[in-house]
Amino acid sequence: MATNYEGGGGGGGGGSGGAAPPKSIPSGDDAVWADAAPLIEAACNDLQEGELVHGENFSLFAAMSALEIMDPKMDPGIESSGYCSVDEAIENGIAPVPLSFDRTVDVKHTLDVMDHLLACEATWHNGHSLAQTVFSCIYILRIERTSPHPLLHSYCRVMRATCNAVVSAVSDARTHEEEDLFTMSYGLPLKDGGDDKCLSILNSVEETVSRQLRACKAQPSKKKVLEEFESLQTNPDLEEGYCRAVLCRLRFRKHFYHALTCMRKPQGRGLELARKHIAACLSELDNMFKSLDFLRSHSFYQESAVTSTTASGCRPIGFDVSLNSRLLSPTPPRAVKVLSWIDAVSYFEKLLHYLDTICSFSLDPALESVLHFIVKFQLSQPPLVARAHLQLLLVHDGKLYGRDSFSDVIARSLALPDVTKDKEFQTNEFVLQLGQLLINLIKILCANTAWQRRKLGKILQDWSVISIQLELALKREFGELLNSSVDESVCMKVSKHLLMWAQEQTYWIALRFLTLGFELQLYSPSEYCMVYWYMYVIFMKQVETMQIRIVTGSDSSRRKGKKKRDHHARDSGRDAMASSYCLLLQCYMCLSEGLAMMLAALRNESNAFQMLNIFNSEQELVILFPAVYPAFRASPESTSSRAHLIPHFQRINCPCMHI
């Protein structure tokens, strides 16, 4: 090992020329080389964990830009194969076509390539770059070379088209902000004009293999089959097993691509067909798993099934992760550990179940149903691909499901059928702003939980501001009429309902923000009292607005008289549901109040859940609590809420009451 001291360096003086420079490092006439191996060996023996050898001019700023040699995450050359380009790798026989001149071995290797590509695809979905996973396959990088091999060519084409469809969906949904690497193609050949015909090529190959499988079942003599039909390989006893293994992989790839394509159809028109393809995918995944024993029983040099990226346990040919490492600038390439084949199959089973859940959604136009579905769907932490397709289904061309404008969604939520088709309401500035906020809210709710909570904290400020603006506009327009007994005009009635609805959404977002903190385990025990106090206030405000809505609805029903009995019956049913929901909110409110009081009492009486923070007091933490506090501070009713809480919490010296 040698080091070059030319130009000055951080650690030592120059030495007399002893060792010749390595061939990989160009040497100049003025370069002076010294053997650094003894120094490095002595330092390695003497250094303890966490210690670092550095020069006098080394600083923490320099440490941020330093690269750690021999660390796979930092050193791009540690796992280099030695090939500088794809063409050089091909010339050295890394990706032969055919994969073997022995047709039986050729089918084995082809199945290994298919399985490893599936594992690479699952690894890509889980956050690694496309260049180091799927496009580490030289057959995908030079797909035109596979034309003489119909089986491999058809599979690679559909694989590339599927990757393009997934990248397109995630990019259109803009959920890739969570993980920028997902949609970066680094100039790789992700799109091709001929990929629109990929399914026709695959169908042709599938039909050929299916015909051979049927012949194997029908003919008593398998040797006769090989003579009459073009077989996959030369061993008659293995023909049926290999045909089954190939068919299930081809069919899975076909149905998965169809499912993704159908789910992108506007207004949910392809959901039913997508569910059929998803069911077929799950069936083929089961068949793929059943082929595991057959493939492992006829292969050599097996890895463990737990770690192997192929069903057979053999290492695939035609892959080199380091070939695309130079495309990953400006950051060093990540150390990629490809998922095992069993883990990849398990991942796709889960993904397909998530996609099936999305397809089974009834496309209910009620906003409450949409929000409830998203929250329930997010409980199981679905992957990025599923969440992207959910968002594309819910919001398309600025409309709910691509068919209902958000002005109509708001009008339905107000339970005022008279304004549903009112053009003045549809073009109202506040309604348009609330519609855009709804679009942003739905998109945020489709993000992962950590990113979702961060964004909710920001959008909650926007909902608080527009609620204040609505209230000020209502007072400015109607002033003294708000508290008078005079019958409300339609405009006043709509304005009051709109304000009430905006406040309800603000409280809902604040509650979602708080509950996500529990899911992400962000709160320390000393913060529980403050969090439950906020939740108590939220539930109390929700109960108040719900009661006002019930009273307002019953008053308007009485004014309609006896002529519209059917409509009155529907209103009564809606009021009954609202009353049940109101009771549930009251239960949550009592639970939150009890937990807050209990935690405050434990802190005061038993010195439990103490705040150990020298920088902020508890009162400052309550005020500075992200996003939630301003929402209540802006509400004129917050004073009465706190007044109701004071008698309970002052007795136990709750810090929330000192604001």
Between Arg214 and Glu240, is a salt bridge (charged side-chain N to carboxylate O under 4.0 Å, His left out) present by the stated rule, with each step listed? CA-CA 9 Å; Arg214 288 194 299 269; Glu240 183 175 348; over 6 Å; no
Dump the intermediate steps for side chain to side chain contact (heavy atoms under 4.5 Å, CB included) on Cys262 and Glu272, then the final yes or no. CA-CA 9 Å; Cys262 291; Glu272 286 298 325; over 6 Å; no
Going through the checks in order, is the side chain to side chain donor-acceptor pair (under 3.5 Å) test met by Asp106 and Ser100? CA-CA 5 Å; Asp106 181 78; Ser100 174; over 6 Å; no
Please evaluate residues Asp343 and Ser340 with respect to the criterion side chain to side chain donor-acceptor pair (under 3.5 Å), reporting the C-alpha separation (whole Å), side-chain torsions for both, the decisive distance (0.1 Å), and the verdict. CA-CA 5 Å; Asp343 290 339; Ser340 69; 3.1 Å; yes
Step by step, work out the side chain to side chain contact (heavy atoms under 4.5 Å, CB included) result for Arg142 and Ile90. CA-CA 10 Å; Arg142 294 289 189 272; Ile90 292 173; 3.7 Å; yes
List the steps and the verdict of side chain to side chain donor-acceptor pair (under 3.5 Å) for Gln426 and Asp408. CA-CA 8 Å; Gln426 301 277 351; Asp408 294 337; 2.6 Å; yes
Check step by step if salt bridge (charged side-chain N to carboxylate O under 4.0 Å, His left out) holds for Asp112 and Arg315. CA-CA 7 Å; Asp112 290 340; Arg315 298 192 65 178; over 6 Å; no
Go through the steps for Asp286 and Ser283 under the test side chain to side chain donor-acceptor pair (under 3.5 Å), then give the verdict. CA-CA 5 Å; Asp286 186 55; Ser283 176; over 6 Å; no
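The six-membered or imidazole ring of Phe319 lies near that of His116, with a centre-to-centre distance under 6.0 Å. Aromatic ring centroids of Phe348 and Phe256 lie under 6.0 Å apart.
Judged by distance alone, with hydrogens and angles left aside, the side-chain atoms of Arg157 form no donor-acceptor pair with the main-chain N or O of Cys198 at under 3.5 Å. Within the 3.5 Å criterion, the main-chain N or O of Leu445 finds a donor-acceptor partner in the side chain of Gln378. In this structure, the side chain of Thr357 engages the main chain of His353 through a donor-acceptor pair within 3.5 Å. Distance alone, capped at 3.5 Å, is enough to place a donor-acceptor pair between the Lys108 side chain and the His298 backbone. No donor-acceptor pair under 3.5 Å is formed between the side chain of Asp356 and the backbone N or O of Arg275. For the pair Arg264 (side chain) and Leu260 (backbone), a donor-acceptor distance under 3.5 Å is absent. A donor-acceptor pair is defined here as one N or O able to donate and one able to accept, closer than 3.5 Å; such a pair exists between the side chain of Ser299 and the backbone of Leu295. Without hydrogens or angle criteria, Arg145 side chain to Tyr139 main chain gives no donor-acceptor distance under 3.5 Å. Put simply, the side chain of Ser204 never gets that close to the backbone of Ile201: no donor and acceptor are under 3.5 Å apart. Proximity of a side-chain donor or acceptor of Tyr257 to a complementary backbone N or O of Met159 within less than 3.5 Å is not detected.
Here Ser291 contributes atom OG and Leu111 contributes atom CG; the two are 7.5 Å apart, rounded to the nearest 0.5 Å. Here the OG atom belonging to Ser154 is positioned 9.5 Å from the CD atom belonging to Glu206, to the nearest 0.5 angstrom. To the nearest 0.5 Å, the span separating CG on Leu292 from CZ on Arg296 amounts to 6.0 Å. A distance of 4.0 Å separates OG in Ser147 from NE2 in His153, rounded to the nearest 0.5 Å. The distance from the CG atom of Leu367 to the CZ atom of Arg412 is 9.5 Å, given to the nearest 0.5 Å. Note that CZ of Phe361 and CG of Leu394 are 6.5 Å apart. Values are rounded to the nearest 0.5 Å.
A cation-pi arrangement is found for Arg453 relative to Phe513, the charged atom lying closer than 6.0 Å to the ring centre and inside a 45° cone about the ring normal.
No more than 12 heavy atoms of other residues, nucleotides or ligands shown are found within 6.0 angstrom of CD on Gln521. Within a 6.0 Å radius of CD in Gln381, no more than 12 heavy atoms belonging to other residues, nucleotides or ligands are found.
Between His277 and His255, the ring planes are tilted. Angles from 30° to 60° get that label. Ring geometry for Tyr347 versus His125: interplanar angle over 60°, hence perpendicular rather than tilted (30 to 60°). Ring geometry, Phe373 versus Phe377: the interplanar angle falls under 30°, so the pair is classed parallel (tilted spans 30 to 60°).
Considering every non-hydrogen atom in both Arg387 and Ala447, the closest pair reads NH1-C, 3.4 Å. Leu141 and Pro189 get closest at one heavy-atom pair: O-CG, 4.0 Å.
In the model, Ser200 has no side-chain atom that pairs as donor or acceptor with a side-chain atom of Asn203 under 3.5 Å.
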